[in-house]
Visitor: 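Below is the structure I would like to discuss, written out as structure tokens.
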Amino acid sequence: MMKQQNPTDNGSSASNNIRDCWGSARERARLKARFKIRQRILVDSSCPATSSSICSETNGSFSQPAGNDAVNSFAAVEIAGVKPRDETLHTKGALVCRTDDDKDESRGGGKHYVDLSQQSIILLQEALQRILLNNRCFFSLTRLEGNAVLYSEPFESDLLYEIEDTTNNNNADGGTTKTTPNRILLGKEKLVSWFGPTFHDQLDKVLSERVQTITLLEVALIFRRYGIVRALLIGGVNPCLCGTLQMTGTTPDSDNSHVVVPPLDWDNALEQLGSRVLRYFLEQLVPLSMQTYILKRAFEFKYRTWTNSLSPPPSSSIMKQKTCVLCQQMTPLSYLLCMDIPCSHEICQLCFWNNMVDSLDERDGNVVPCFACVHLKEFKTEKLDPLAPSTATPEGDYSQLLNESRFQLTREKFFAMPRDGVELKQQPAPKSQPLSKPRGKKKYLETPFASTWAQAVTLSVGNSQDVRRERFFTYVERGAVHYVQGCLEAGMDLEAKNEYGQTGLYMAAWRGHLRVVHLLLQYYAGCPTTTILATANDGTTPLYAAQQHGHLVIVNLFMSHLGLSPSTTTQEESVLCPANDDELRSSESLHVSTLIRCSEDHPGAGSYTIDGVLSEVELQKLLALWKRLPTESPPSAKKKSGLCSVRSYYCDVDQFIARILLRALAALSENQVKNNEIKTTEDLFIVLPFMRFLSYDKAGIRLAPHVDLNRVDLESGIRSTHSFLLYLTDCHVGGETSLLKDLSRGSEEDNITARVKPKAGRLLLFPHVCPHEGEVVVDVPKLLIRGEVYLGTLTK
């Protein structure tokens with residue numbers, strides 16, 4: 001029976017298409033904004049200057065230059081590379097930051113303030129209202145990308161008040177009335193209902209009598225809008241910039257005769273230190289829940305300083321500056337943090353944030369201790385020894401197990417998990433979850449912050465086998481030991497391998513992550529040597545990878561774990577052993593051809609071929625390597641037709657192929673200088689180690705027009721710019737790689753810019769964004785190596 005067509009189907013389909021179009025556009029805008037924010041964080045924090053430029057560190061503590069040298073203590077800031085804060089900062093013409101020549105004595109040393117235009121005031125007032133309404137969606141990535149500077153800078157605390165006119169009678173008859181303005185704190189009713197009238201009255205007094213300027217992050221922390229705090233951190237808002245205090249009345253400047261530090265230098269140092277903190281959070285995968293907790297605790301210390309300035313002891317006066325316990329630097333109250341009782345140490349924000357960044361990864365307990373107590377050794381705190389067993393409390397039954405049992409238990413827990421997202425959704429929701437509550441497929445912490453690494457990584461290890469496996473390898477490669485430990489305690493198959501045949505232990509040994517290797521070896525205790533030294537696709541072992549890259553401490557750790565003496569010869573030999581000088585191809589024999597010049601207006605600008613890259617010995621070694629690599633099964637959709645390439649994944653741990661490519665890229669750079677396309681050969685070339693052997697063993701196979709994706713080199717953080725194809729066989733007919741002008745036009749003849757015929761020893765380089773296709777293969781086999789590289793000035 002034929003299905004009757006619904007007359008509303010066309011309209012419904014069109015409406016769905018429009019929604020999908022808008023959804024795709026929003027997603028592209030969000031991803032673009034996130035990329036720009038990350039790039040800005042990485043670029044802004046490239047200057048290494050921190051408070052160490054101001055506070056000289058000696059023997060785990062900080063010391064201030066004595067005598068007249070204290071006058072020049074801040075001169076080191078400019079020498080060390082800290083750029084003075086510009087007098088004018090622009091955010092779409094709205095925000096202007098400036099400093100007066102005349103020092104404002106009423107602000108406790110904080111002479112940096114913001115002079116806002118009317119447009120900026122409107123934007124800030126709207127943001128404040130959204131914070132009161134707890135509207136996290138307002139602080140989207142696209143909005144934060146364009147207003148990060150405005151949302152980072154302090155603004156006058158008067159914006160937190162609204163004016164209400166109050167009418168009073170002047171005489172008994174009520175004939176004459178007088179209207180007086182009354183300042184009311186924004187969200188007064190909510191503050192009173194949430195925290196009580198006592199907190200509101202204290203906050204009102206602090207803001208009206210002491211706080212001169214304040215930041216949006218501080219406002220969100222006051223109202224405990226931790227979701228908005230997370231959104232601001234994701235958007236790259238500086239976490240170290242803070243508001244300033246105003247000190248009225250006759251009060252002493254400081255508690256001793258130290259020279260008063262210019263507050264503008266403090267603002268400059270905090271601004272650049274905030275860039276360093278953001279970069280650390282991004283690169284070290286610090287969970288947002290932990291970032292929020294750190295900011296929450298830092299603001300609690302700051303708020304204690306604010307309240308202490310309201311009610312000084314009767315026998316003392318309020319001081320505008322006090323001495324930091326750690327660096328002995330005279331610090332304005334605006335930049336001072338008062339620790340919790342009972343110690344109540346007072347440290348400057350520079351010392352707080354630098355100690356936080358320097359030792360965050362080494363703390364297993366509360367990540368925000370009193371750093372003064374740590375340095376002064378008022379309580380015992382030991383740093384994590386890279387070779388010491390983990391002190392974190394194991395989850396579940398691990399505390400009662402020996403090392404020999406951990407391998408099997410974590411494996412059993414892993415295979416008890418659902419295999420993928422489909423099975424995960426089919427599982428019934430658990431009745432009780434102390435740390436999290438189910439919400440569809442994902443889990444969310446009941447509290448928006450975590451004070452320890454064990455709590456913070458709970459929701460980042462994945463809830464299904466496929467996600468857990470993918471994240472585990474990512475964390476191992478990046479050396480994120482706390483995340484790796486979270487995966488192991490939640491359940492992981494340590495015998496699992498990635499597509500390159502590498503176990504987690506292999507990747508950790510190759511990358512040189514000592515703490516991760518030591519942690520994994522604890523779980524491998526009692527396992528046979530063949531399990532510990534499981535080989536990758538190319539036949540190499542974790543011990544070989546550590547030896548090749550000079551990680552001697554890891555090599556000795558393996559030797560000790562395997563019961564081998566240091567004098568035992570364990571050097572393995574790969575199929576791609578280092579070539580002799582006679583086997584290498586000289587750069588003079590390389591022939592460079594330019595397909596699309598860098599100056600052309602073409603997505604493939606900067607495309608080249610280099611012939612004669614491989615010597616005969618090198619070619620035979622690569623062919624021998626390809627024959628021993630395992631092959632990947634074709635996708636089921638293409639398996640029936642058989643018209644697809646056969647892939648073999650290879651990781652260039654030996655750097656054999658990398659050396660060949662770098663030799664060719666050096667010849668390419670010299671050729672471009674001769675042709676006046678670039679001015680210098682001093683450039684950075686990076687060959688990413690993950691590669692694929694592609695074999696077209698049947699005639700009729702073709703590759704549809706497409707563009708390639710880039711990869712990120714974890715060691716340098718640089719994204720690849722070019723794809724490379726290194727041909728290992730000749731194809732006299734068919735199999736050409738065509739570079740196209742427009743992806744949508746396909747393989748039209750006038751759309752093809754260049755055709756490259758497969759030839760053994762030929763290297764093809766083209767940008768990732770260049771559309772290209774593989775024409776129908778006639779002569780078989782067509783064999784090539786595909787990978788990614790980064791080319792410096794050749795891409796400009």
Visitor: Going by distance alone, is a donor N or O of one side chain under 3.5 Å from an acceptor N or O of the other, for Gln485 and Glu489?
Guide: yes

Visitor: Going by the salt bridge (charged side-chain N to carboxylate O under 4.0 Å, His left out) test, which pairs reach into residues 300-310, not counting sequence neighbours?
Guide: Glu218-Lys302, Lys296-Glu300, Arg297-Glu300, Arg304-Asp340

Visitor: Does the distance from a Lys or Arg side-chain N to an Asp or Glu carboxylate O, for Arg478 and Asp361, drop under 4.0 Å?
Guide: no

Visitor: Report yes if the side chains of Cys348 and Tyr335 come closer than 4.5 Å at any heavy-atom pair, otherwise no.
Guide: no

Visitor: Under the side-chain hydrogen bond (donor to acceptor under 3.5 Å, both in side chains) test, which residues partner Ser344, sequence neighbours left out?
Guide: none

Visitor: Got a donor-acceptor contact below 3.5 angstrom from the Ser157 side chain to the Val211 backbone?
Guide: yes

Visitor: Determine whether Asn355 and Leu326 make a side-chain contact, defined as any pair of heavy atoms from C-beta on separated by less than 4.5 Å.
Guide: yes

Visitor: Only counting residues at least two apart or in another chain, list the ones meeting ring pair (Phe, Tyr, Trp, His ring centres under 6.0 Å) with Tyr226.
Guide: Phe449

Visitor: Roughly how far, to the nearest 0.5 Å, is CG of Leu278 from OG of Ser152?
Guide: 8.0 Å

Visitor: Backbone N or O of Ser275 within a donor-acceptor pair of the Tyr280 side chain at under 3.5 Å?
Guide: no

Visitor: With side chains defined as the heavy atoms from C-beta onward, is the minimum distance between Cys240 and Glu271 less than 4.5 Å?
Guide: no

Visitor: Measure from the side-chain N and O atoms of Asp204 to the backbone N and O of His200, and report whether any donor-acceptor pair falls under 3.5 Å.
Guide: no

Visitor: Once rounded to the nearest 0.5 Å, what's the spacing between atom CZ of Arg143 and atom OH of Tyr151?
Guide: 5.5 Å

Visitor: What's the shortest heavy-atom distance between Thr292 and Leu233, and which atoms?
Guide: N-CD1, 4.3 Å

Visitor: With sequence neighbours excluded, tell me which residues meet side chain to side chain contact (heavy atoms under 4.5 Å, CB included) with Leu203.
Guide: Leu185, Leu191, Phe199, Leu207, Ile222, Tyr303

Visitor: Given side chains that start at C-beta, do those of Trp266 and Thr331 come closer than 4.5 Å, heavy atoms only?
Guide: yes

Visitor: Which pair of heavy atoms, one from Arg363 and one from Pro369, lies closest together, and at what distance?
Guide: NE-CD, 3.8 Å

Visitor: Any heavy-atom pair between the side chains of Pro239 and Gln291 that's under 4.5 Å?
Guide: no

Visitor: Roughly how far, to the nearest 0.5 Å, is OH of Tyr483 from CD of Gln284?
Guide: 10.0 Å

Visitor: Roughly how far, to the nearest 0.5 Å, is the CG atom of Asn238 from the CG atom of Leu273?
Guide: 8.0 Å

Visitor: Are any of the side-chain heavy atoms of Leu128 and Phe223 separated by less than 4.5 Å?
Guide: no

Visitor: Would you mind reporting whether Leu336 and Gln321 have side-chain heavy atoms less than 4.5 Å apart?
Guide: no

Visitor: Are the side chain of Trp453 and the backbone N or O of Val481 linked by a donor-acceptor pair below 3.5 Å?
Guide: no

Visitor: Given side chains that start at C-beta, do those of Arg515 and Val484 come closer than 4.5 Å, heavy atoms only?
Guide: no

Visitor: Check whether Thr458 reaches the backbone of Gln455 with its side chain - one donor and one acceptor, N or O, closer than 3.5 Å.
Guide: yes

Visitor: For Phe138 versus Ala127, what's the shortest heavy-atom pair and its separation?
Guide: CE2-CA, 3.9 Å

Visitor: List the atom of Gly486, the atom of Val457, and the distance in Å for their closest heavy-atom pair.
Guide: CA-CG2, 4.2 Å

Visitor: Return yes if some donor-acceptor pair links the side-chain N/O of Thr244 with the main-chain N/O of Gln212 below 3.5 Å, else return no.
Guide: no

Visitor: State which residues pass side chain to side chain contact (heavy atoms under 4.5 Å, CB included) with Ile228; sequence neighbours excluded, sorted by chain then number.
Guide: Ile131, Asn134, Arg136, Phe139, Ala220, Arg225, Leu232

Visitor: Drop me the distance from Asn354's CG to Phe371's CZ, to the nearest 0.5 angstrom.
Guide: 10.0 Å

Visitor: Who passes ring pair (Phe, Tyr, Trp, His ring centres under 6.0 Å) against Phe301, sequence neighbours left out?
Guide: none

Visitor: Which value, rounded to the nearest 0.5 Å, describes the distance between Thr452 atom OG1 and His482 atom NE2?
Guide: 10.0 Å

Visitor: Quick one: does any side-chain atom of Thr213 pair with a main-chain N or O of Pro154 as donor and acceptor, under 3.5 Å?
Guide: no

Visitor: State whether the side chain of Arg279 and the backbone N or O of Ile41 hold a donor-acceptor pair below 3.5 Å, judged by distance alone.
Guide: no

